[in-house]
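What follows is one structure encoded as structure tokens, with my remarks underneath.
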Amino acid sequence: MATNKENMERLLAVKNKFNYRQFFMVAILLFSTVADILIDYVHAGFNPAVFKDPSYWIMLALTGLSIILVTLSVRDFFREKELRENTEVVETQKKLDIAHAELMRLDLTTSFEDYVNTENAVRKLKAYQAYIQFKLSKITKDKARAKWQKLLDQAETDIEFLPVRGNTIKLSRTRHIKYNRIRIATIFSRAERTNSDDENIETNEQAHIGNLVFRKLFMLFSFSIAFSTLFFEPNAFAVAILVNTFTKLFRTAMSVYLGASDGQSFVRGTLLSKMKLRLDFVQKFLEKEKKERCVAAANTAKAVE
């Protein structure tokens, strides 16, 4: 008789062999096969008058809402599951917590804030200079080039007077420059924002969810609209119910798949990489401070001698 350990190992082996991408392919294959079989038993048509019926738009809106709710609910479940169970994520977060405790223990919170402000000033200047250099690369007229070159030459002075709003440098009412600003609260929390720049330690989860809804769920919306415009002949009523039922089941399965895969990929890819950047940033500061303290202690010891 198999032990609990053996059963768990078998389940784990099955899980490793059957991932979410495979589930997606199986679902597509199953839907295509069943649809191909049922189409021989049902006669469907299209009636443009359906677009004039308010109930059609209400049902379409409810269908779209249910797709979003199912997808985001499943996404949130798998996101939290990944945060709790992914060994690398848990270990990285543990190291961040230890680094935070080390800052408190060594009374370095004020020094760390100064360190962050200095780094932000450097990043602000780099972003401003990069903006001017980009403008210079596009300009061919000598007079205009001279103007932008002058701005580049005095960038280190001008940057002190340019206000910052969030993650942007405000040049005027309508012109802003994005830069990778560091926030201490972001380093020690899991509040998210996403950017592909390797220097950016933040992630924009709202943008990530927006991408999921407006790009990945577009297929499901299109699929639902296409089927909602069909009508079936009375003598094919029973088969029509089967078609509609299977369509709803397929739509739900796809919503679950997209939510689960997106929740996991966000934590494993975007969030974990940012957590490592945050940890590296804090550890570099701690190493610098410890070296400086060692040097100061050695100098003090020599002075005493």
Side-chain angles (χ1 to χ4, degrees), residues 96 99-100 102-104 106-208 210 270-271 273-300:
L96 274 168
H100 191 206
E102 190 76 353
L103 284 176
M104 300 292 288
L106 297 174
D107 194 23
L108 291 172
T109 52
T110 302
S111 298
F112 184 62
E113 186 176 348
D114 293 338
Y115 181 74
V116 169
N117 290 337
T118 301
E119 179 63 22
N120 280 334
V122 172
R123 294 185 176 201
K124 182 181 175 183
L125 176 61
K126 285 172 61 179
Y128 182 54
Q129 290 174 330
Y131 169 78
I132 297 174
Q133 288 169 345
F134 173 76
K135 289 291 185 180
L136 274 170
S137 68
K138 299 294 183 180
I139 295 172
T140 55
K141 295 181 179 180
D142 293 339
K143 188 176 181 180
R145 284 189 62 83
K147 172 190 171 183
W148 285 99
Q149 184 61 53
K150 183 179 179 181
L151 286 175
L152 182 60
D153 294 339
Q154 59 189 36
E156 292 186 25
T157 303
D158 293 344
I159 197 66
E160 299 291 334
F161 305 99
L162 295 177
V164 172
R165 179 177 295 175
N167 281 15
T168 62
I169 305 166
K170 188 176 179 181
L171 300 182
S172 66
R173 287 185 177 180
T174 57
R175 189 177 301 173
H176 301 79
I177 304 172
K178 289 185 178 180
Y179 82 109
N180 299 322
R181 185 184 179 191
I182 298 172
R183 291 182 177 87
I184 295 176
T186 299
I187 295 175
F188 299 112
S189 72
R190 292 174 180 173
E192 316 319 334
R193 289 163 88 73
T194 180
N195 189 304
S196 59
D197 195 318
D198 288 340
E199 286 189 345
N200 187 16
I201 66 172
E202 297 188 353
T203 58
N204 187 352
E205 189 163 7
Q206 299 305 317
H208 194 90
T270 304
L271 180 56
S273 65
K274 301 304 180 184
M275 289 174 70
K276 288 179 177 179
L277 285 173
R278 298 168 190 175
L279 178 61
D280 183 63
F281 182 81
V282 182
Q283 287 179 335
K284 284 180 178 178
F285 168 76
L286 287 172
E287 289 172 5
K288 180 183 76 69
E289 286 294 321
K290 287 177 181 178
K291 285 180 182 178
E292 289 179 358
R293 290 194 174 193
C294 287
V295 171
N299 290 337
T300 301

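FYI, the numbering just counts along the sequence from 1.
- Atoms CD1 and NE2, from Ile184 and His100 in turn, are 8.5 Å apart once rounded to the nearest 0.5 Å.
- Considering CG of Leu279 and CG of Leu96, their distance stands at 5.0 Å, rounded to 0.5 Å.
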Where do Glu113 and Asn117 land on the side-chain hydrogen bond (donor to acceptor under 3.5 Å, both in side chains) test, with the steps shown first?
CA-CA 6 Å; Glu113 186 176 348; Asn117 290 337; 4.6 Å; no

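- Using a 4.5 Å heavy-atom cutoff, the side chains of Leu106 and Arg293 are in contact.
- A distance of 9.5 Å separates CD of Gln154 from CG of Leu152, quoted to the nearest 0.5 Å.
- Taking every heavy atom of both residues into account, Ala99 and Val282 meet most closely at CB-CG1, 3.7 Å.
- Under 4.0 Å is where a charged nitrogen must lie from a carboxylate oxygen, and between Glu292 and Lys288 at least one such pair does.
- Nearest heavy-atom pair across Leu286 and Leu108 is CD2-CD1, 4.1 Å.
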Between Arg183 and Asn167, does a side-chain hydrogen bond (donor to acceptor under 3.5 Å, both in side chains) hold up when you go through it step by step?
CA-CA 10 Å; Arg183 291 182 177 87; Asn167 281 15; 2.9 Å; yes

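- Residues Leu151 and Lys135 have side chains not in contact (no heavy-atom distance under 4.5 Å, counting atoms from C-beta outward).
- Closest approach of Ile132 to Ala155, counting heavy atoms only: CD1-CB, 4.5 Å.
- Between Asn120 and Lys124, every side-chain heavy-atom pair lies at or beyond the 4.5 Å cut-off.
- Relative ring orientation between Phe112 and Phe188 is described as tilted, the plane-to-plane angle lying within the 30° to 60° band.
- Nearest approach of Ile159 to Glu156, heavy atoms of both residues: CG2-O, 3.4 Å.
- Of all heavy-atom pairs between Ile169 and Tyr179, the closest is CG1-CD2, 3.8 Å.
- A salt bridge links Asp280 with Lys284: the closest approach of a Lys/Arg side-chain nitrogen to an acidic carboxylate oxygen falls below 4.0 angstrom.
- Ring pair Phe285/Tyr115 is tilted by interplanar angle, where 30° to 60° counts as tilted.
- The two residues Arg181 and Val164 make their nearest non-hydrogen contact at NH1-CG1, 4.2 Å.
- Rounding to the nearest 0.5 Å gives a distance of 9.0 Å between CD of Glu160 and CG of Leu125.
- For the pair Lys290 and Glu102, the minimum side-chain heavy-atom distance is below 4.5 Å.
- A donor-acceptor pair under 3.5 Å is absent between the side-chain atoms of Arg145 and the main chain of Thr140, judged by distance alone.
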